[in-house]
Amino acid sequence: MTSAPSSTAGAGAEMPALAEAVARRRNFAIISHPDAGKTTLTEKLLLYGGAIQQAGAVKAKGEQRKVTSDWMELEKQRGISITSTVLQFDYAGSTINLLDTPGHQDFSEDTYRTLAAADNAVMLEDAAKGLEPQTRKLFEVCRMRRIPIFTFINKMDRPGREPLELLDEIEQELGLACWPVNWPIGSGDRFRGVIDRRSREVVLFQRAERGRQSQEQILSVEAAADSGLVEPELLESALEELELLEGAGADLDLEQVHAGELSPVFFGSAMTNFGVRPFLDAFLELAQRPTARSSSEGPVDPLRPGFSGFVFKLQANMDPRHRDRVAFVRVCSGKFEKDMTVQHARSGRSIRLSRPQKLFGQDREVVEDAYPGDVIGLNNPGMFAIGDTLYVGPKVEYEGIPCFSPEIFAWLRNPNPSAFKSFRKGVNELREEGAVQVLYDTDPSKRDPILAAVGQLQLEVVQYRLENEYGVKTRLEPMEFSVARWVSGGWPALERVGRIFNCRTVRDSWDRPVLLFRNDWNLNQLREDHPELELSAVAPVVSGVEPIAL
Ligand code: G4P
């Protein structure tokens, strides 16, 4: 920790340190479909940072669990990873923040929010499966935010689809141009390694027993041909394909990469740790460092001397022994220091941040300082909401984080009136945390909340947590809707169209009208009948207004 005064904006001597810290930081999230190998890749990446000693620590079975983010009882029971954590490690002179996202598809809403804090995304594909549904969904969020995307085609040690076909799929279906940084030699049983496109070196893959690491051997193309380790026809065909790619003419244009229009592509096998180091090295070279972010005052440069950041995730009861609540803040500008007094943009209040934490899976340590691109955990005594800005110096307020369109709806009933206080507390806190969206009937006498979620498991988690953390047993009554649309013009716009059919009108937590439909067909019918009614699948971002509490 430096001795600079903590809450002054911009002591001149700090600037070079800030610039240096920003220059060395790279932050990213992995987007993938369950089973593509995200946990395996994460674990291998952490090995390079010396963050964990032993492969298997991220997702080890039984007693070995150490760095696992599966901290919640339900997660343990189900063997799934629900919540996101942040892993920071140093490698080759860089400080890397890996924003871990939940793997289960029901939790994509949480993943969406994590992507709001990410500067880069790694799109992980299974070479045998190519693009899968959750990857496509998450890709759309990256595209919306113009996040640079690095593609890692995994499981090359197993029979997979043709590399050219996989790239074609990405280009055609996602409209994302690809620039392979390395190119595979053979595949499946005959996978022999990759050729680095820029250095023309061959990285040889040596098959090891399942679970063992592949030894990395780097040779020139000529030496590889002479080595007897690669069949000449496989090497030749890989070189021919590389020629074809060169012939297509595109350059590795960093501006395009950083605009999210061109994806550097890597081939490898996370399980055998093949191609992970070359990927990490190239990623550090090509990835976007923390950049300016949009705010009410225009773009805010990370080198703005005063600290600023926003809350992208809230989590209650991470450690059941302490029943605490943590707000995850992405640092966007300036240097953050322990004990700093910051402004809370929404309420206008000053807050002293005395026990900021760095989270590493289940472990925590108190943070002395943090820089743009880092994530810190703040104890949250109910003060912070998702999207809130904290700052020092002149006021800034970052753009909010949109909620995503729910697809599952259910009344949440509390059969025991004497537990109403705990029920209300639980529902309000879980909504605030973003565990679920909460809607209400337009008739104020019907007080029971309607839970709206992206996936069924999300509702189960809410019920489970209400019981375990707030002591209330609840009942879910499913509603037969699958589509929600926000009315852009609010209540006046809805009143202007008069009576509408085959949909139910409810209010969201900000008293805005939301229409629920059984299916797309009913939605389209309304669109045809009332083309003037502007509808949005995503809840408009609110700032400065307190939500309705139950
Ligand atoms: P996820 O987090 O994306 O859901 O995937 P995870 O890493 O858990 O990997 C899913 C399965 O794919 C695991 O097998 C894992 O070992 C395997 N896998 C990951 N990378 C590779 C790879 O490069 N090559 C091959 N052949 N397999 C890979 P599992 O049988 O489900 O679990 P485990 O018994 O191996 O732990």
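Please read all numbers here as calculations on a predicted model, not as lab measurements. In this chain, numbering begins with 1 at the start of the sequence shown.
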Visitor: Examine distances only and state if a side-chain atom of K44 and a backbone atom of M271 form a donor-acceptor pair shorter than 3.5 Å.
Guide: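 Yes, because the side chain of K44 sits within donor-acceptor range (under 3.5 Å) of the backbone of M271.
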Visitor: Before accepting this row, confirm whether a basic side-chain N of the pair R161/E169 lies closer than 4.0 Å to the acidic partner's carboxylate O.
Guide: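 So R161 pairs with E169 through a salt bridge.
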Visitor: Do N97 and Y371 have side-chain N/O donor and acceptor atoms under 3.5 Å apart?
Guide: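 Short answer, no.
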Visitor: Mark yes or no for whether T135, through its side chain, and L131, through its backbone, hold a donor-acceptor pair below 3.5 Å.
Guide: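 Checking the backbone N and O of L131 against the side chain of T135, no donor-acceptor pair under 3.5 Å is found.
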Visitor: Side chains of L516 and L439, heavy atoms from C-beta outward: is any pair under 4.5 Å?
Guide: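 A side-chain contact under 4.5 Å exists here.
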Visitor: Once rounded to the nearest 0.5 Å, what's the spacing between atom CD of E140 and atom CD1 of I31?
Guide: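 Interatomic distance, E140 CD to I31 CD1, rounded to 0.5 Å: 10.0 Å.
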Visitor: Within the structure provided, determine whether F266 and P278 are in side-chain contact (heavy-atom separation under 4.5 Å).
Guide: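 No. Closest side-chain heavy atoms not under 4.5 Å.
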Visitor: Got more than 12 heavy atoms from elsewhere within 6.0 Å of CD, E162?
Guide: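 Not more than 12 within 6.0 Å, no.
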Visitor: Do other residues, nucleotides or ligands put more than 12 heavy atoms under 6.0 Å from R146 CZ?
Guide: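 Open: at most 12 neighbouring heavy atoms sit under 6.0 Å from CZ of R146.
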Visitor: I'd like to know if E399 and R293 make a salt bridge, using a cut-off of under 4.0 Å between side-chain N and carboxylate O.
Guide: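 Not counted as a salt bridge, because no side-chain N and carboxylate O are separated by less than 4.0 Å.
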Visitor: Under 3.5 Å, side chain of H33 to main-chain N/O of K129, donor-acceptor pair present?
Guide: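 Checked: no pair found.
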Visitor: So which heavy atom on R485 is nearest to which on S405, and how close?
Guide: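 Shortest heavy-atom contact: NH1-OG, 3.8 Å.
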Visitor: Are the side chains of I185 and V202 in touch, meaning some heavy atoms are under 4.5 Å apart?
Guide: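 When only atoms from C-beta onward are counted, V202 and I185 do touch, with a gap below 4.5 Å.
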Visitor: If you round to the nearest 0.5 Å, how far is CG of L99 from CG of L87?
Guide: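 Here the rounded value is 9.0 Å.
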Visitor: Check for me whether the distance between the ring centres of F28 and F283 falls short of 6.0 Å.
Guide: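 Yes; F283 has its ring centre under 6.0 Å from that of F28.
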Visitor: Between K38 and V122, is any pair of side-chain heavy atoms under 4.5 Å apart?
Guide: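 Answer no - side chains too far apart.
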Visitor: Under a 3.5 Å distance rule, please check whether E261 uses its side chain to pair with a backbone N or O of L176 as donor and acceptor.
Guide: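 Pair absent, no side-chain N/O of E261 close to backbone of L176.
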Visitor: If only atom types and distance count, is the side chain of S263 paired as donor or acceptor with the main-chain N or O of I149 below 3.5 Å?
Guide: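 Checked: pair present.
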Visitor: Give the intermediate values and the outcome of side-chain hydrogen bond (donor to acceptor under 3.5 Å, both in side chains) for residues D281 and Y48.
Guide: CA-CA 10 Å; D281 287 342; Y48 287 100; over 6 Å; no
Visitor: Which pair of heavy atoms, one from P290 and one from P302, lies closest together, and at what distance?
Guide: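 Shortest heavy-atom separation between P290 and P302 comes out as O-CG, 3.3 Å.
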Visitor: If you apply the rule salt bridge (Lys or Arg N to Asp or Glu O under 4.0 Å), what do you find for E285 with R198, and how did you get there?
Guide: CA-CA 13 Å; E285 175 198 337; R198 293 178 296 171; 2.8 Å; yes
Visitor: Among F205, F152, F279, which residue meets the ring-ring contact (aromatic ring centres under 6.0 Å, His included) test with F274?
Guide: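 For F274, the ring-ring contact (aromatic ring centres under 6.0 Å, His included) test succeeds with only one of F205, F152, F279, which is F205.
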Visitor: Please assess I96 against D90 for the test side chain to side chain contact (heavy atoms under 4.5 Å, CB included), listing each intermediate value before the final yes or no.
Guide: CA-CA 6 Å; I96 301 160; D90 286 332; over 6 Å; no
Visitor: Report yes or no: do S94 and R26 form a side-chain donor-acceptor pair below 3.5 Å?
Guide: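 No, no side-chain donor-acceptor contact under 3.5 Å.
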Visitor: Do T95 and Q88 come within less than 4.5 Å of each other through their side chains, counting heavy atoms only?
Guide: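 Result yes, sub-4.5 Å side-chain heavy-atom pair found.
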Visitor: Is it true that a side-chain atom of R330 and a backbone atom of D374 form a donor plus acceptor pair closer than 3.5 Å?
Guide: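 Between the backbone of D374 and the side chain of R330 there is no qualifying donor-acceptor contact (under 3.5 Å).
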Visitor: Judged by atom type as modelled, is there a donor-acceptor pair below 3.5 Å linking the side chain of D119 to the main-chain atoms of G373?
Guide: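 Looks like no, no N/O pair under 3.5 Å.
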Visitor: Going through the checks in order, is the side chain to side chain contact (heavy atoms under 4.5 Å, CB included) test met by E534 and W486?
Guide: CA-CA 8 Å; E534 243 185 82; W486 274 257; over 6 Å; no
Visitor: Using a 4.5 Å cut-off on heavy atoms from C-beta on, say whether the side chain of E231 contacts that of R190.
Guide: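 Touching, per the 4.5 Å side-chain cut-off.
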Visitor: Any chance you could measure M156, atom CE, to S187, atom OG, to the nearest 0.5 Å?
Guide: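 It comes to 5.5 Å.
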Visitor: Could you pull out the closest heavy-atom pair between L234 and G186, with the gap in Å?
Guide: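 For L234 and G186, the tightest heavy-atom pair comes out as CD2-CA, 4.2 Å.
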Visitor: For Q437 and P406, indicate whether the former's side chain and the latter's backbone hold a donor-acceptor pair under 3.5 Å.
Guide: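 Here the side-chain-to-backbone pair does not exist.
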Visitor: Could you tell me whether the side chains of Q288 and N120 share a donor-acceptor contact shorter than 3.5 Å?
Guide: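 Checked: Q288/N120 side chains show no N/O donor-acceptor pair below 3.5 Å.
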Visitor: Flag the pair R527 / N524 as yes when at least one side-chain heavy-atom distance between them is below 4.5 Å, and no otherwise.
Guide: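 They are in side-chain contact.
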Visitor: Is there a donor-acceptor pair under 3.5 Å between the side chain of N27 and the backbone N or O of A117?
Guide: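 Pair found, side chain donor or acceptor close to backbone of A117.
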Visitor: Quick check on E246: does its CD atom have over 12 non-hydrogen neighbours (other residues, nucleotides or ligands) under 6.0 Å away?
Guide: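 Counting other residues, nucleotides and ligands, CD of E246 exceeds 12 neighbours.
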Visitor: Take atom CD in E171; do more than 12 heavy atoms of anything else shown fall under 6.0 Å from it?
Guide: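 It does: E171 CD has more than 12 such atoms within range.
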Visitor: Quick one: CD1 on I30 to CG on L138, what's the gap to the nearest 0.5 Å?
Guide: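 Interatomic distance, I30 CD1 to L138 CG, rounded to 0.5 Å: 12.0 Å.
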Visitor: Is a side-chain donor or acceptor of S482 paired with a backbone partner of R518 at a separation under 3.5 angstrom?
Guide: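 At least one qualifying donor-acceptor pair exists.
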Visitor: Hey, mind stepping through K155 and R158 against side chain to side chain contact (heavy atoms under 4.5 Å, CB included) and telling me if it holds?
Guide: CA-CA 6 Å; K155 306 198 185 181; R158 286 213 313 222; 3.6 Å; yes
Visitor: For F150 versus A287, what's the shortest heavy-atom pair and its separation?
Guide: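 Where F150 meets A287 most closely, the heavy atoms are CZ-CA, 3.5 Å.
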Visitor: If every non-hydrogen atom of V194 is compared with every non-hydrogen atom of P184, which pair is closest and at what distance?
Guide: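 Nearest heavy atoms, V194 then P184: CG1-CA, 4.0 Å.
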Visitor: Can you tell me how far CG of L526 sits from CG of L533, rounded to the nearest 0.5 angstrom?
Guide: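 Atom-to-atom, L533:CG and L526:CG are 6.0 Å apart.
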Visitor: Assess whether atom CD of E233 is packed by more than 12 heavy atoms of other residues, nucleotides or ligands within 6.0 Å.
Guide: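 Yes, enclosed.
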Visitor: Under 3.5 Å, is there a donor on one side chain and an acceptor on the other for S488 and S536?
Guide: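 Short answer, no.
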Visitor: Kindly assign one of parallel, tilted or perpendicular to the pair F312 and F328, based on the angle between their ring planes and the thresholds 30° and 60°.
Guide: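 Answer is tilted, since the angle falls between 30° and 60°.
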Visitor: Got a second to check how far L174's CG is from R143's CZ, nearest 0.5 Å?
Guide: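 Rounded to the nearest 0.5 Å, the CG-CZ separation comes out at 7.5 Å.
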Visitor: Would you kindly say whether N182 and D196 are connected by a side-chain donor-acceptor distance under 3.5 Å?
Guide: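 No.
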Visitor: Is there side-chain contact between R197 and P180, with at least one heavy-atom pair below 4.5 Å?
Guide: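 They are in contact (side-chain heavy atoms under 4.5 Å apart), so the answer is yes.
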Visitor: For side chain to side chain contact (heavy atoms under 4.5 Å, CB included), just list the numbers for T151 and I170, CA-CA rounded to whole Å, side-chain angles, deciding distance to a tenth of an Å, and then say yes or no.
Guide: CA-CA 10 Å; T151 305; I170 296 172; 3.9 Å; yes
Visitor: Assess the side chains of T272 and D157: does a donor N or O sit below 3.5 Å from an acceptor N or O?
Guide: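 Their side chains do not contain a donor-acceptor pair, so the 3.5 Å distance test is not met.
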Visitor: How are the rings of F310 and Y398 set relative to one another: parallel (under 30°), tilted (30 to 60°) or perpendicular (over 60°)?
Guide: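 Tilted, since the angle between the ring planes falls between 30° and 60°.
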Visitor: For F409 versus F481, what's the shortest heavy-atom pair and its separation?
Guide: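 Smallest interatomic distance, heavy atoms only, reads CD1-O, 3.3 Å.
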